[in-house]
Amino acid sequence: MKALSIVAPGGRRIASGEKTLEVRRWKPTIGVDEDLLIVENGRFLRTEGDEDDEGKAVAIVRVGAFRPFVPEDLAAACGSYFEEGWLAWELLDVRPVSSTISIKAARGIYEIDPPSDMQLQS
């Protein structure tokens, strides 16, 4: 499954529906019909190859349109400041999940086996 790591508390905010935009400098490499596992972790992964083995699966989403990030997007992105040149990814079909097993958080969109105890929340 394709996955994207998000620093806490952003992953939980996506799972709850509070955060409906993800802001990145790069275009998503995933189709609108593909599921994306949101993995929340505790620190920024700043350098190529940087990983965190303490990630937690928190949601499955789909990425709709992506477009330039504008100041009016701050609330939907749960952001604290605006900077030109970023892209806003629309997060759709959000399905919260739970799991007790830690999984890898990595940079970019990456492939991962979902945790064996992952369950959709109702």
Side-chain angles (χ1 to χ4, degrees):
M1 170 173 233
K2 292 184 177 181
L4 179 71
S5 68
I6 307 282
V7 175
R12 290 187 303 273
R13 288 179 174 166
I14 291 169
S16 74
E18 178 185 358
K19 180 176 167 69
T20 59
L21 293 176
E22 176 58 14
V23 179
R24 300 280 168 140
R25 288 197 183 271
W26 46 276
K27 294 177 183 177
T29 55
I30 190 166
V32 296
D33 61 340
E34 291 183 84
D35 286 337
L36 182 65
L37 180 63
I38 301 299
V39 178
E40 186 175 79
N41 67 302
R43 64 182 177 85
F44 287 100
L45 306 175
R46 299 193 187 277
T47 59
E48 194 60 39
D50 198 4
E51 296 181 351
D52 181 353
D53 290 329
E54 298 299 317
K56 292 289 184 187
V58 295
I60 298 170
V61 303
R62 295 214 170 154
V63 177
F66 61 91
R67 56 180 170 69
F69 180 54
V70 295
E72 294 77 23
D73 289 332
L74 277 172
C78 295
S80 57
Y81 70 95
F82 171 78
E83 187 176 323
E84 292 282 344
W86 291 74
L87 296 172
W89 302 8
E90 295 176 359
L91 303 178
L92 309 172
D93 192 18
V94 176
R95 291 153 283 159
V97 299
S98 64
S99 171
T100 61
I101 299 173
S102 294
I103 58 173
K104 176 179 75 172
R107 289 173 49 89
I109 293 176
Y110 57 99
E111 288 287 334
I112 193 165
D113 291 327
S116 58
D117 71 338
M118 186 173 80
Q119 295 183 347
L120 285 172
Q121 298 292 88
S122 48

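One is the number of the first residue; the rest follow in order along the sequence.
- Ion pairing of Glu40 with Arg12 is present here, as a side-chain N (NZ or NE/NH1/NH2) and a carboxylate O approach within less than 4.0 Å.
- Of all heavy-atom pairs spanning Thr100 and Lys56, the tightest one is O-NZ, 2.9 Å.
- Residues Ile38 and Val94 share a single hydrophobic cluster, defined by chaining ILVMFWY side chains whose heavy atoms lie under 4.5 Å apart.
- The two residues Val39 and Gly55 come nearest to each other via the heavy atoms CG1-CA, 3.8 Å.
- Surrounding CZ of Phe44 are at most 12 heavy atoms belonging to other residues, nucleotides or ligands under 6.0 Å away.
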May I have the step-by-step check of side chain to side chain contact (heavy atoms under 4.5 Å, CB included) for Asp73 and Arg67, ending in yes or no? CA-CA 11 Å; Asp73 289 332; Arg67 56 180 170 69; 2.7 Å; yes
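- Here Lys19 contributes atom NZ and Leu91 contributes atom CG; the two are 7.5 Å apart, rounded to the nearest 0.5 Å.
- Atoms CG and CZ, from Asp93 and Arg95 in turn, are 4.0 Å apart once rounded to the nearest 0.5 Å.
- Residues Leu74 and Val23 share a hydrophobic cluster, clusters being chains of Ile/Leu/Val/Met/Phe/Trp/Tyr side chains in contact below 4.5 Å.
- For Arg62 and Glu90, the salt-bridge test fails: no basic side-chain N is under 4.0 Å from an acidic carboxylate O.
- For the pair Asp50 and Arg46, the tightest heavy-atom approach, listed with the atom from each and the gap, is OD2-N, 3.4 Å.
- Residues satisfying the ring-ring contact (aromatic ring centres under 6.0 Å, His included) criterion with Phe66, sequence neighbours excluded, are absent altogether.
- Between Val61 and Glu22, the closest side-chain pair of non-hydrogen atoms is not below 4.5 Å.
- Distance CD1/Ile112 to NZ/Lys2: 14.0 Å, rounded to 0.5 Å.
- The residues Arg43 and Glu54 are annotated as not salt-bridged, no charged nitrogen and carboxylate oxygen being separated by less than 4.0 angstrom.
- Looking at heavy atoms from C-beta onward, Leu37 lies in side-chain contact with Met118 at the 4.5 angstrom threshold.
- In the hydrophobic clustering of this structure, Val58 groups with Ile30; members are Ile, Leu, Val, Met, Phe, Trp, Tyr whose side-chain heavy atoms approach within less than 4.5 Å, directly or through other members.
- Between Val32 and Glu34 the shortest side-chain heavy-atom distance does not fall below 4.5 Å.
- Annotation: ring-ring contact (aromatic ring centres under 6.0 Å, His included) contacts involving residues 3-28, sequence neighbours excluded, comprise Trp26-Trp89.
- Contact of the Gln119 side chain with the Ser99 side chain is not registered, since no non-hydrogen atoms from C-beta on lie closer than 4.5 Å.
- Annotation: the span from Glu72 atom CD to Phe82 atom CZ amounts to 8.5 Å, rounded to 0.5 Å.
- A search for side chain to side chain donor-acceptor pair (under 3.5 Å) contacts involving Gln121 returns Ser98, not counting sequence neighbours.
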Do Ser5 and Leu45 pass the side chain to side chain contact (heavy atoms under 4.5 Å, CB included) test, and can you show the C-alpha distance, the side-chain angles, and the key distance before you say yes or no? CA-CA 9 Å; Ser5 68; Leu45 306 175; 3.7 Å; yes
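- A salt bridge between Arg107 and Asp52 is absent, with no side-chain N of the basic residue lying under 4.0 Å from a carboxylate O of the acidic one.
- Counting all heavy atoms, side chain and backbone alike, Gly64 lies closest to Leu92 at CA-CD1, 3.6 Å.
- Applying the 6.0 Å contact sphere to CG of Asp113 captures no more than 12 heavy atoms from other residues, nucleotides or ligands.
- The shortest distance between side-chain heavy atoms of Asn41 and Lys104 does not fall below 4.5 Å.
- Between Asp35 and Met1 the shortest side-chain heavy-atom distance falls below 4.5 Å.
- Of all the heavy atoms in Pro28 and Ile109, the pair that sits closest is CA-CD1, 4.3 Å.
- Residue-environment remark: CD (Glu111) exceeds the threshold of 12 foreign heavy atoms within 6.0 Å.
- Ile14 and Tyr110 are members of different hydrophobic clusters when ILVMFWY side chains are connected at heavy-atom separations under 4.5 Å.
- Residues Leu120 and Ile101 are members of separate hydrophobic clusters, defined by side-chain heavy-atom contacts under 4.5 angstrom among Ile, Leu, Val, Met, Phe, Trp and Tyr.
- Smallest separation of non-hydrogen atoms from Val97 and Ala59: CG2-N, 3.4 Å.
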